[in-house]
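One structure below.
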Amino acid sequence: MDKYADQISQVVNDLYGQTIDAELTRPEPRFGDYATNVAMRLAKPLNRRPRDIAEEIKARLDASGVFNEVSIAGPGFINLRVSAKSLGGDLNEAFDGELPFGNNNDGAGKTVVLDFPSTNMAKPFSVGHLRSANQGWAASNLMRDTGWTVITDNHLGDYGAPFGIWVVGFQKFSSEEKLAERGIYELGDIYIKTKAAIKQEQTEGKHELEDEAQQWLLKLEAGDPEAVEYSERFNKISLDHIHKVMERLHIKTDYELGEKFFAEPGKKAAHKLVEQGLARQNDDGSIIVTLDEYGIKTPILILKSNGAALYATTDLGTLLYRHDHFHADRVIYAVAAEQKFYFEQLFAMARKIGLNMELIHMWFGLIDQINEDGTREKMSSRKGVVLLEDLLNEAEKRARANAKSDDISDEDVKKIAIGAIKFTDFAADRRTGMLFDWRTMFNLTGFSGPYVQYAAVRVNKILHDNPNVGEIAPDYDYEAEKEVILKLLDYPNVVKQAADNLEPHRIATYVYELAKEMNRYYENTPVATADVPAGIKAARLHLLRQVAYVFQHALDILGIQIPSRM
RNA sequence: GCGCCCGUAGCUCAGCUGGAUUAGAGUGUCUGGCUUCGAACCAGAAGGUCGCAGGUUCGAGUCCUGCCGGGCGUACCA
């Protein structure tokens, strides 16, 4: 609690004239409710023994009468105990603040653009895009709750080679019937099959298919009606699929400005940088930006030798657009770790050309899969990726099978399935590689989404059955509720930490711990049974409302919905 | 070769930015608990020389150095 930390800082200032930012930690319950290490931190500057300093601080804190108990332990920790009742008062105060409980205003007046899930339109949604979707979505919610103006943009991979490959492959390997029947899955297969065929061709020294695909690209750029018709049809199929899957994930973005949108502006910008002397055109026509002054030896290539755009070209155009049109103060890219070096280059280039934005690559570890022999391996399209819709279907099947009764609605089953999958994504630090295992992917028990949902559902049920809180007994001591109250008081700081570090897993860890505390409480303390006196029942219901609020708030950040029953 | 990331219980992972003689969860194994608000729950047992070796200091899983092992990246793919 800031209140207590500030008080300690003030005491230190009074006693020693030292400005110190006292931080409170939560020690093991046997030591106290809160603890501070300021005495140890002051030992060196004051050249005194930490325990002596702690004694002096303790004397002041005792005199203040705020704490039930102040004790000194170990090398000089100061442990504090506060009465459950006054902690409950602190919690009410925090809930009565101007901002919703848990929110802060760190980003007030600033705009952030979030780039996710940056779907590749050539193939159906696979689990490969799941992390970007989840992490990006959670990050956008964290930014929103910390006062930022948030713009989300799905940077579609809709430019270049895939189109030509689609058309060639469609004519060679597919048919209208198949396309009508299988949609994006047919297009994805066509794409993979045709790329393999092109590769095969190359080993034989031929390039007929490749040339043909290239021809279609040129036709499209020239506005050839047949090419345009293909393009519009294929893109619609792909986009409809993307929308459908994202809707199932309960995730959406404000914009879908794809690579195609930024290709021409990007090319123009590349040439302009050459004129400005910021970029260099090689003899073969390609354009690079050197980054030696930023400690990066490999220059970034922003235009191909044949004058065509590549990744960096469209990203350059995108950066300029987000700067000029969105007036972004910050841009966050939720993209896998593989591209770390590329983003270092891109961000260095942005600085070099004078773009004054905070650029963050919110990277995450790769998804591994487990082989039959127990070894781990990176998931690759070569080995066969898991399609997201298959994953969702399987998760729903398992959630349904686990449901207590048959009258749980489909809506609720979906929320449970999605909750399980998403929570798994947030179970570990995003940088940790994720193991995709059909056996553990949709955990329904323990450290899992459904565990938290279950605790929330139980709380909501009690609140639903007891809509009126009533008059709270003024002398109620809240001892039974103390651990839950302490946990709730931690929440705003957890949100801040998660937002500052873009670490949504802190929210998942926290909400799990809250659920655990709540389940424990639920087990031991009746809230609204017949034998609970009205005044105490009111006190407990009031607290449960606060618990329910935090469950809702935290799960909302993670993009997890609470079912009505489960 | 160089750069970045990682190595914690059988397995999957946390570890509050250096803190407290028992390093935490889940899962798996074993034991107990549904006549009171929902057992997708709760209580308990067992399981670790935190990759190895040094160093920094009151104090290291956390910071530094060197090894060993793994992953990713290293300009015309995205």
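Residue numbers begin at 1 in each chain, while the letters A, B, ... track the order of the sequences. Being a predicted model, the structure only gives us computed values, none of them experimental.
- The residue A/Thr525 sits close to a base: some heavy atom pair falls under 4.0 Å.
- Put simply, chain A comes within 4.0 Å of RNA chain B, heavy atom to any atom, from B/C4 to B/A78, going 5' to 3'.
- Nucleic acid contact class of A/Asn501 (heavy atoms, under 4.0 Å, all strands): base.
- With sequence neighbours excluded, no residue forms a salt bridge (Lys or Arg N to Asp or Glu O under 4.0 Å) with A/Glu523.
- With sequence neighbours excluded, the residues satisfying salt bridge (Lys or Arg N to Asp or Glu O under 4.0 Å) with A/Arg506 are A/Glu503.
- A gap of 23 Å separates the C1' atoms of B/G38 and B/G44, to the nearest Å.
- Among the atoms of the strands shown, base atoms are found under 4.0 Å from some heavy atom of A/Asn79.
- A/Tyr522 comes within 4.0 angstrom of a nucleotide base, judged by non-hydrogen atoms across all strands.
- Note on A/Phe341: only backbone sugar-phosphate atoms sit closer than 4.0 angstrom, heavy atoms only; bases stay farther off.
- Shown here are the salt bridge (Lys or Arg N to Asp or Glu O under 4.0 Å) partners of A/Lys260, two or more places apart in sequence or in another chain: there are none.
- Residue A/Leu444 is in base contact, counting any heavy-atom pair closer than 4.0 Å across all strands shown.
- Nucleotides B/A14 and B/A25 place their P atoms 16 Å apart, quoted to the nearest Å.
- Residues in residues 289-313 of chain A take part in these salt bridge (Lys or Arg N to Asp or Glu O under 4.0 Å) pairs, two or more places apart or across chains: A/Glu293-A/Lys352.
- Rounded to a whole angstrom, the distance from the P atom of B/A75 to that of B/G24 is 46 Å.
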What's the verdict on side-chain hydrogen bond (donor to acceptor under 3.5 Å, both in side chains) for A/Glu483 and A/Tyr521, showing C-alpha distance, side-chain angles and the deciding distance?
CA-CA 9 Å; A/Glu483 289 304 317; A/Tyr521 175 73; over 6 Å; no
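- Counting any heavy atom pair closer than 4.0 Å across all strands shown, A/Val457 reaches a base atom.
- Nucleic acid contact for A/Leu310: sugar-phosphate only, since backbone atoms but no base atoms lie under 4.0 Å from a heavy atom of the residue.
- When each of A/Thr36 and A/Val527 is assigned the nucleotide of RNA chain B with its nearest heavy atom, A/Thr36 is the one assigned upstream, toward the 5' end.
- Both A/Glu23 and A/Ala428 lie close to RNA chain B; mapped to their nearest nucleotides by heavy-atom distance, the more 5′-ward contact belongs to A/Ala428.
- In this structure, A/Thr25 reaches neither bases nor backbone, as no heavy-atom distance under 4.0 Å exists between it and the strands shown.
- Atom C1' of B/U62 sits at a distance of 14 Å from the matching atom of B/U57, rounded to the whole Å.
- If you check every strand for non-hydrogen atoms under 4.0 Å, A/Gln339 touches a base.
- A salt bridge is absent between A/Asp33 and A/Arg26; no separation between the charged side-chain nitrogens and carboxylate oxygens falls under 4.0 Å.
- Spacing of C1' atoms, B/A9 relative to B/A23, comes out at 11 Å, to the nearest Å.
- Atom C1' of B/G51 sits at a distance of 7 Å from the matching atom of B/G69, rounded to the whole Å.
- Residue contacts for A/Pro50: at a heavy-atom cut-off of 4.0 Å it reaches no nucleic acid atom on any strand shown.
- A/Arg430 and A/Asp425 are not joined by a salt bridge, as no carboxylate oxygen comes within less than 4.0 angstrom of a charged side-chain nitrogen.
- Base pairing analysis places B/G59 opposite nothing; no Watson-Crick or G-U wobble pair with both distances below 3.5 Å involves it.
- Nucleic acid contact class of A/Leu366 (heavy atoms, under 4.0 Å, all strands): sugar-phosphate only.
- Against the 90° criterion about 0, the sugar-base torsion of B/U12 places it in the anti range.
- Residue contacts shown for A/Arg565 include a base, since a base heavy atom lies under 4.0 Å away.
- Using Watson-Crick or G-U wobble geometry with both donor-acceptor distances under 3.5 Å, B/C4 finds its partner in B/G71.
- Note on A/Asn519: only backbone sugar-phosphate atoms sit closer than 4.0 angstrom, heavy atoms only; bases stay farther off.
- B/U12 and B/A78 have their C1' atoms separated by 31 Å, given to the nearest Å.
- The nucleotide B/A40 finds no pairing partner, because no Watson-Crick or G-U wobble arrangement with both distances shorter than 3.5 Å includes it.
- Remark: A/Glu344 pairs with no residue by the salt bridge (Lys or Arg N to Asp or Glu O under 4.0 Å) rule, at least two apart or across chains.
- Using a 4.0 Å cut-off between charged side-chain N and carboxylate O, A/Arg398 and A/Glu394 make a salt bridge.
- Remark: B/A14 base-pairs with no nucleotide in the shown strands. Criterion, Watson-Crick or G-U wobble with two distances under 3.5 Å.
- Comparing the same atom, C1', in B/A46 and in B/A60 gives a spacing of 28 Å after rounding to whole Å.
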